[in-house]
There are 2 protein chains.
Amino acid sequence: MAVAKTLTDAKTKLLDASLQVIRCKGYAATSVDDLCRAAGVTKGAFFHHFKSKEDMAVASAAHFGAMAEGLFSHAGYRDLADPLDRLLGYVDFRKSILRGEVSHFTCLLGTLVQEAYETNPAIRAACDQYISAHAATVEADIVEVMRVRGMVPGWTASSLALYIQSVLQGSFILAKAKHGPAVAADCIDHLRRYLELLFINNKGGLRND
Amino acid sequence: MAVAKTLTDAKTKLLDASLQVIRCKGYAATSVDDLCRAAGVTKGAFFHHFKSKEDMAVASAAHFGAMAEGLFSHAGYRDLADPLDRLLGYVDFRKSILRGEVSHFTCLLGTLVQEAYETNPAIRAACDQYISAHAATVEADIVEVMRVRGMVPGWTASSLALYIQSVLQGSFILAKAKHGPAVAADCIDHLRRYLELLFINNKGGLRND
DNA sequence: AACCACATACCAACCAGTCGGTATGCTGTC
DNA sequence: GACAGCATACCGACTGGTTGGTATGTGGTT
């Protein structure tokens with residue numbers, strides 16, 4: 001009859017805290033002590049679970065990826081039958097979660113990779129992996145839209161999925177610069193308009209540029 | 001007949017060096033000693049010209065803004081008569097400069113603001129200022145396109161100009177994640193397609209969504 | 001008694017920023 | 001045109017605090 005000693009263990013508390021602290025201060029400016037303080041654990045616990053700060057950042061990226069995967073896979077728009085409704089539903093959902101503090105709705109992976117892409121190959125690879133995995137879920141719906149409509153456009157589903165991510169990542173940067181979500185919401189409106197033009201208003205259907 | 005003692009003074013060497021070093025390693029991970037080493041000056045010179053590391057970052061943002069202003073105001077597409085040609089010329093130019101090392105074509109302002117938006121108000125404000133100033137130059141051409149075509153769309157020139165910046169900033173993040181400019185070029189292709197759909201292919205012309 | 005999950009104490013390296021000092025101008029006065 | 005008076009530009013050793021990381025201890029579970 002093992003009773004849980006703590007409600008959550010130190011590793012989970014550190015990973016949860018890292019999402020907030022790193023998104024707020026950035027990776028390099030976040031010290032191990034900052035993380036421990038935010039998580040309410042000691043430095044001993046930190047280095048018991050992670051062999052270095054870098055190792056922790058890689059785990060944090062994975063933790064964020066898992067959280068995002070859960071968030072999007074259980075969102076309501078996923079149940080829509082039409083793939084275009086799912087794609088536009090994704091964009092609308094991304095817009096709807098732009099609320100509150102900037103550090104609460106921005107992407108840890110984008111933040112991390114900006115700081116670590118040249119100096120820290122392991123972190124860069126982890127960010128690439130989880131960003132690409134997320135883009136792949138969007139790509140699947142795009143492929144389906146194209147198939148249903150018999151489209152053979154001058155662009156690939158993969159490139160459009162990455163484009164969507166680039167708009168989102170860029171909108172987070174502008175939200176940080178302007179200290180609020182309004183500008184990001186406007187960007188997502190333009191993104192939605194592009195998708196509508198590509199898949200709805202563009203009567204020609206087949207293009208070859 | 002005063003002969004220049006040095007070809008460039010310490011302040012200019014520090015500002016030039018900061019563009020490369022900060023874009024490569026990030027702001028927090030760049031030490032004052034890193035900057036001095038890269039610029040070939042001493043720490044004494046650094047603190048003679050800048051009262052703190054933060055003060056230097058603000059100056060660096062201004063230096064980057066001035067460099068960009070020079071680059072874009074003298075680019076060939078500026079001489080085109082048609083505002084839509086200038087707008088698309090801008091996008092094509094942004095694509096054409098995606099060459100070589102990632103740290104050479106990415107935006108210092110986007111990098112800086114990601115790290116400093118919560119912790120450093122002065123840096124955040126400087127980044128916002130120079131990003132917005134650049135977007136305003138693009139907005140001027142958009143306004144002109146709309147005027148020439150008598151468009152009254154459901155979006156503003158300002159929001160479209162910021163959207164263009166968000167795509168560019170986001171494409172830099174993906175370029176960092178994937179360690180090369182190819183993905184960024186693909187994003188700019190999608191951006192160009194959106195502008196073409198808005199201003200050329202969208203025969204309706206006037207929309208109100 | 002072995003092991004796991006942490007806690008405490010500590011360290012060497014590094015950090016931003018300081019300070020006393022030097023070299024080299026400029027500017028006004030005689 | 002010589003020289004005082006002062007500002008600007010720069011040097012590099014130094015400091016106190018912080019950093020990532022380590023070594024060792026401890027209490028509960030098996």
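The figures that follow rest on heavy atoms only: side chains count, while hydrogens, waters and symmetry mates do not. Quick note on labels: first sequence line is chain A, next is B, and so on, each numbered from 1.
Sequence neighbours left out, the pairs with a member in residues 130-146 of chain A that pass salt bridge (charged side-chain N to carboxylate O under 4.0 Å, His left out) are A/R78-A/D141, A/R86-A/D141, A/E144-A/R147. Residue pairs satisfying the salt bridge (charged side-chain N to carboxylate O under 4.0 Å, His left out) criterion with at least one member in residues 104-113 of chain B, sequence neighbours excluded, are absent.
A donor and an acceptor atom, one from each side chain of B/S132 and B/D128, are located under 3.5 Å apart.
OP1 and OP2 of C/dC4 both lie 4.0 Å or more from every side-chain N or O belonging to A/H48.
Taking atom NE2 of residue A/H49 and atom C1' of nucleotide C/dA7, one finds them 12 Å apart after rounding to whole Å.
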One pair to check against salt bridge (charged side-chain N to carboxylate O under 4.0 Å, His left out): B/D189 and B/R192. What are the steps and the verdict? CA-CA 5 Å; B/D189 286 342; B/R192 194 188 211 280; over 6 Å; no

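Applying side-chain contact (heavy atoms from CB on, under 4.5 Å) to B/Y163 and the options A/V183, A/I188, A/L174, A/L191 leaves one that passes, A/L191.
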Where protein sits on nucleotides 19-24 of chain D, one letter per nucleotide: B base, S sugar-phosphate only, - none, heavy atoms under 4.0 Å: SBBB--

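Residues from residues 113-122 of chain B with heavy atoms under 4.0 angstrom of DNA chain C: there are none.
Residues that satisfy the side-chain contact (heavy atoms from CB on, under 4.5 Å) test with B/T111, not counting sequence neighbours, are A/Q114, B/E115, B/K176. For B/A126, the side-chain contact (heavy atoms from CB on, under 4.5 Å) partners two or more places apart in sequence, or in a different chain, are B/V58, B/A61, B/Y130.
Using a 4.0 Å cut-off between charged nitrogen and carboxylate oxygen, B/D34 and B/R37 count as a salt-bridge pair.
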